[in-house]
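Treat the numbers as computed from the prediction; the structure is a model and nothing was measured. Just so it is clear, the values below take in all heavy atoms, side chains as well, and ignore hydrogens, waters and symmetry mates. Here is the naming used below: chain letters follow the sequence lines, and residue numbers restart at 1 for every chain.
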2 protein chains.
Amino acid sequence: MADVAERAGVSTSTVSRTLRGLSTVSPEVRARVEQAARELHFAVSRQAASLVTGRTGSVAVLVPTLGSWFMGSALSGLAPLLRSAGMELTVYVIPDLAERTSFFERLPARRNADALLVFSFDLTDEETARLDNLGMPVIYVSQHVAGRPSVYVDDVAGALRGTRHLLHLGHRRIAFVQSVSARGFSFSSHERLLGYRQALTEAGVPLDDDLVVATPAGDKRGAAEAVGRLLSLREPPTAVFAEQDEIAVAVIWTLRATGIEVPGQMSVLGFDDQPSAEWFDLTTVAQSPSDVGRTAGELALALVNDTEVDRERHIVLPTHVIPRATTAPPPVTRGPRDDSGRPPRGRWAPRG
Amino acid sequence: MADVAERAGVSTSTVSRTLRGLSTVSPEVRARVEQAARELHFAVSRQAASLVTGRTGSVAVLVPTLGSWFMGSALSGLAPLLRSAGMELTVYVIPDLAERTSFFERLPARRNADALLVFSFDLTDEETARLDNLGMPVIYVSQHVAGRPSVYVDDVAGALRGTRHLLHLGHRRIAFVQSVSARGFSFSSHERLLGYRQALTEAGVPLDDDLVVATPAGDKRGAAEAVGRLLSLREPPTAVFAEQDEIAVAVIWTLRATGIEVPGQMSVLGFDDQPSAEWFDLTTVAQSPSDVGRTAGELALALVNDTEVDRERHIVLPTHVIPRATTAPPPVTRGPRDDSGRPPRGRWAPRG
DNA sequence: TTGAAAGCGCTAACAT
DNA sequence: ATGTTAGCGCTTTCAA
């Protein structure tokens, strides 16, 4: 910056003022400085600036992975917002428990970001407490944390509407396939199950725990087992509500491999509306992760700039059902428990 | 840090030495300092440190998007490596031309990162020249830049092997569906086409430009048009090599909607092996983006640490064909140009 | 092995 | 509107 000042024949203060766009610089001086800066390819060192201002000019995100559709979309929504606010984006990826422990022990984000967005973790109280002492606004994304700013999709309402869609089609035996999230990450499983139950209850359909099964997402074998368990029930479901599209696709795969038509003999409903849902013509409950990311970013910026913001604000984003080709009325039966009305059960056993 | 020093009864120099793990600290002092730091939840400010050391402790990546399978996987491979090296990850997302221009004008990464990984862009010479003057190592990922460190998958060899797979099955009329990448981003299109042509040439199969069509990735209509063009040829292909799985899936979708069996009447081969390939049982040429990310990160760290590294090193990563269920020998014909041997052409026209 | 002191590049308060 | 000056929190000589 000293070089620029010398070249433009001014002091470094003036250079600093110019480069920060302060209005207290005369047009001609401004022009000289800007040209000098350009000629020297000068860029302000955020490091040095932040030492004085106490602000780093970057927003950190804590994510379990970068490889999922949700995270990719959410960050794609967040990034342009930050850029337009002149903020950088620092990413902490915490794929496993070891990394997680180390992150919360060392809290490397401390003093190295102006705000932290925590995505999709089921945090312990202790972890939350540590974040409270981080010295920067922390926004919780895809999770509800009482008394802290949070942004999430209304999973309960989404699952409620999805289940209603199946009920309206005439289904009464509706299964719910959860994901098992092994590592303390929250994928809204709980809320979606809640919405499912709520819809059944309001329709007067009795809850049956046998209809709720779990499988790891993206796992063929797991899905096959889960489906197998459902099909071997004395009274199998006529519809399956999968907690994520990825699971729905696995379920459809298994059903078709088993000779069960979708949606002819079994309806399948997903949740997410990720791109592959369209290729499978999957009826699903759509959410918009990029809206989640953008909204969370807006909240973060507001908190950083200390604009009058409710520091306990919860922002809830909507969902909507997209009817496609994997849901239909249940097959016509001649009465409950009449075998001939059920889906064929010849080859349902998990393969491999 | 002063607080820590006071609490431990030492000078800040000693604290600094302790926290950086220098060996010139006596064990008992070290213990005192570490405890004090822990009690005060102290974390070193990278900003202040970098002001002195000239190193920022972070690696920047320039990516066109965060929402693609490739980018998500690549960054998932990169992130743990950086973390274990104590480096932060800063992400610059450049989704469009305007952002791109502004990035290369201002080069915000200058002085704010120790290295830059540039992913999947088709850079102009001027852009490359600007990056040369960035003052930090720049690693080019998913692209070959002469004289600069680069990491990429061997797309030519991949496409060569993929095409050979189809040739071995007996196909002679093999189409190639490219992606149109509107915005100056490189998706290895060119190299894959090269490998395709090379395989045909070495097998003595004449090249036919009518068999090479393009479509935007992830676009049903575009894929339908491309397929339509192929099917309306006087001598339609018996196999389609799609440059990306995403396109392959769209092609399969269109073919099946048209009543053409895959692979019975038409084989389809993809490239990538992204998760949905498995759900579609898609034969494909697999690459490993996470290896790309990790390798590029290793190269970046080596360059940053100035270990004796060839600064023009190109690292080429392998691919392999994964045979699944969308490729098979061509349908038996009674001779060339015999209509009865062709796929049925009843409803091939693009719908909608 | 430890401490004192200088200074990294910038911004902010004060002076002009 | 511009310049002068004093740090921001660290690391790194240099001395002890």
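Identified under the salt bridge (Lys or Arg N to Asp or Glu O under 4.0 Å) test for residues 292-303 of chain A, with sequence neighbours left out: A:D291-A:R294, A:R294-A:E298. Sorted by first and then second residue, the salt bridge (Lys or Arg N to Asp or Glu O under 4.0 Å) pairs with a member in residues 61-88 of chain B read A:E99-B:R83, B:R46-B:E88; sequence neighbours excluded.
By the salt bridge (charged side-chain N to carboxylate O under 4.0 Å, His left out) test, B:E191 pairs with no residue at all, sequence neighbours left out. Qualifying salt bridge (charged side-chain N to carboxylate O under 4.0 Å, His left out) partners for B:R111, counting only residues two or more places apart in sequence or in other chains: none. Every salt bridge (charged side-chain N to carboxylate O under 4.0 Å, His left out) that B:D132 has, sequence neighbours left out, goes to B:R148. Shown here are the salt bridge (charged side-chain N to carboxylate O under 4.0 Å, His left out) partners of A:R17, two or more places apart in sequence or in another chain: there are none.
For A:M1 and D:dT2, the CE to C1' distance is 15 Å, given to the nearest whole Å. Summarising the geometry, the separation between CG on A:D3 and C1' on C:dG9 is reported as 11 Å, rounded to the nearest angstrom.
Checked by atom type and distance alone, the side chain of B:Q143 never pairs as donor or acceptor with a backbone atom of B:S188 at under 3.5 Å. Checked by atom type and distance alone, the side chain of B:T53 pairs as donor or acceptor with a backbone atom of B:A49 at under 3.5 Å.
Checked for salt-bridge contact, A:E34 and A:R30 meet the test: a charged N lies under 4.0 Å from a carboxylate O.
Residues of residues 34-44 of chain B that place a heavy atom closer than 4.0 Å to DNA chain C do not occur. At a non-hydrogen distance threshold of 4.0 Å, B:V10, B:S11, B:S13, B:T14 from residues 4-14 of chain B come into contact with DNA chain C. Contact check of residues 20-30 of chain B against DNA chain C (heavy atom, cut-off under 4.0 Å) returns B:T24, B:V25, B:S26, B:V29. Residues from residues 46-56 of chain B that place a heavy atom under 4.0 Å from any atom of DNA chain D, listed by number: B:A48, B:A49, B:L51, B:V52, B:T53.
Annotation: side chain of A:L131 is in contact with side chain of A:L107 (closest heavy-atom distance under 4.5 Å). Taking the side chain as every heavy atom from C-beta outward, A:R7 and A:V4 never approach each other to under 4.5 Å.
With axes fitted over five pairs at each extremity, the angle between the ends of the helix from C:dT1-D:dA16 to C:dT16-D:dA1 is 30° (10° resolution).
For the atom pair CG (B:L116) and OH (B:Y140), the distance works out to 8.0 Å, reported to the nearest 0.5 Å. Atoms CZ and CG, from B:F103 and B:L62 in turn, are 4.5 Å apart once rounded to the nearest 0.5 Å. One distance of note links CG of A:L82 with OG1 of A:T90; it measures 9.5 Å at 0.5 Å rounding.
Under 3.5 Å, the side chains of B:H314 and B:S150 contain a donor-acceptor pair of N or O atoms. A:D114 and A:T56 form a side-chain donor-acceptor contact under 3.5 Å, judged by distance and modelled atom types alone.
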Just the table, please: protein N/O against nucleotides 14-16 of chain C N/O, every pair under 3.5 Å.
none

Test log, rule salt bridge (charged side-chain N to carboxylate O under 4.0 Å, His left out), inputs B:R100 and B:E127:
CA-CA 10 Å; B:R100 179 174 180 157; B:E127 285 168 338; 2.9 Å; yes
